[in-house]
Structures are given as structure tokens and as C-alpha cells.
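Notes to accompany the following structure.
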Amino acid sequence: MVSVTQLSDDERARLLSDHPEWKSARDGKAVTRTFQFENFSEAWGFMSRVALIAESHDHHPEWFNVYAKVEVTLTTHDANGLSQRDVNMVKAMDRLVGE
Ligand code: H2B
């Protein structure tokens, strides 16, 4: 397992203020957001795009899908908390939904 540097408190606060749809979870070790789409096709299309990005970043979301809803949790297992990899995935996912 490669060890990855955790975000500082300031960097974590900045992530949450720059991306207000994302909420702190797991005692600050993760962030979570629920994406609501119009239907399953849109939700799955989003997940497919995210999956390709995740694979190319070698950084994978924890997520749960029911029909048009996708609940995403991001954390870095190799850091036991949040890292720049999570920031990059937050930005990529928000960009996909036009934010
Ligand atoms: N995804 C996440 N979310 N956290 C990690 O620490 C992580 C990952 N590590 N994807 C990667 C894969 C690692 O296990 C491989 C071996 O590079």
C-alpha cells in the first residue's frame, strides 16, 4: 500500500467551502454528496463517466445507486482520510454535472 498525504485542516475546509454540495463524513475522513438525476439512464451515464475517470486517476469512489440517485463517498484509503486525490475527484464529478 502506497501512503498518501492527508489534506491539512485548511485544505479540508477549503474543499467544503468551494464545493458546498459536498458534506463532511466519517469524522472528517471522507466527503459525501448525493446526485439526483432524472432517470436511471442519466445516473448510469454519470457513473460510467466517473468510472473511467476513477480508473485513470487510480482513485475509486464508494457509491450507492438506486434508480436516478447516486450517493457518493470519497476518501483515500491509502491516507486513512482525505487527500488531493479526493479533491480531484470532487472537481471532476462536479464538472460532469455542470458545476
Ligand atoms: N481509491 C481510493 N478511494 N483510495 C485509495 O487509497 C485507493 C483507491 N488506492 N484506488 C488505490 C486504488 C490503490 O489501492 C492501488 C493499488 O493503486
Side-chain angles (χ1 to χ4, degrees):
M1 184 188 91
V2 182
S3 154
V4 183
T5 309
Q6 278 189 20
L7 295 184
S8 67
D9 289 350
D10 280 358
E11 287 168 331
R12 210 169 54 236
R14 165 94 82 92
L15 170 64
L16 293 167
S17 65
D18 285 353
H19 301 273
E21 301 291 338
W22 291 83
K23 304 300 175 202
S24 184
R26 298 185 195 163
D27 287 329
K29 291 183 180 230
V31 286
T32 180
R33 175 173 179 181
T34 297
F35 293 87
Q36 183 67 51
F37 297 94
E38 291 295 313
N39 51 48
F40 178 72
S41 178
E42 281 191 19
W44 191 256
F46 171 77
M47 293 176 79
S48 301
R49 291 178 187 94
V50 171
L52 294 175
I53 295 167
E55 194 62 358
S56 74
H57 288 204
D58 194 27
H59 195 63
H60 304 86
E62 300 175 23
W63 52 11
F64 179 73
N65 161 241
V66 179
Y67 185 51
K69 185 175 78 177
V70 183
E71 295 172 3
V72 179
T73 299
L74 291 173
T75 187
T76 301
H77 305 110
D78 296 345
N80 189 32
L82 289 166
S83 75
Q84 185 60 40
R85 295 181 183 181
D86 300 301
V87 177
N88 296 341
M89 287 302 292
V90 162
K91 288 183 174 160
M93 288 191 208
D94 282 3
R95 207 174 297 128
L96 282 177
V97 294
E99 290 171 10

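For ligands, and for the atoms within them, numbers begin at 1 and follow the listed sequence.
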- Query: Just checking, is any N or O donor in the side chain of Trp44 or Asn65 under 3.5 Å from an acceptor N or O on the other one?
  - Reply: no
- May I ask you to decide if the ring planes of Phe46 and Phe37 are parallel, tilted or perpendicular, using 30° and 60° as cut-offs? tilted
- Message: Is there a polar contact, in the sense of an N or O pair closer than 3.5 Å, between Thr76 and ligand 1?
- Response: no
- Provide, to 0.1 Å, the distance between atom 16 (C) of ligand 1 and the closest protein heavy atom, together with that atom's residue and name. Asp58 OD2, 4.6 Å
- Query: Identify the closest protein heavy atom to atom 5 (C) of ligand 1: which residue and atom is it, and at what distance?
  - Reply: His77 N, 3.6 Å
- Message: Checking the side chain of Thr76 only, and the main-chain atoms of Leu82 only, is there a donor and an acceptor separated by less than 3.5 Å?
- Response: no
- Heavy-atom proximity to atom 8 (C) of ligand 1 ranks first, among His60, Glu55, Arg85, for His60
- Message: Looking at Thr75, is its backbone amide N or carbonyl O close enough to the side chain of Asp86 to form a donor-acceptor pair, meaning the two atoms are under 3.5 Å apart?
- Response: yes
- Note on the structure: Note: Pro61 and Met93 closest approach over all heavy atoms is CB-CE, 4.2 Å
- Restricting to heavy atoms, the pick from Thr75, Leu74, Val4, Asp78 nearest atom 9 (N) of ligand 1 would be Asp78
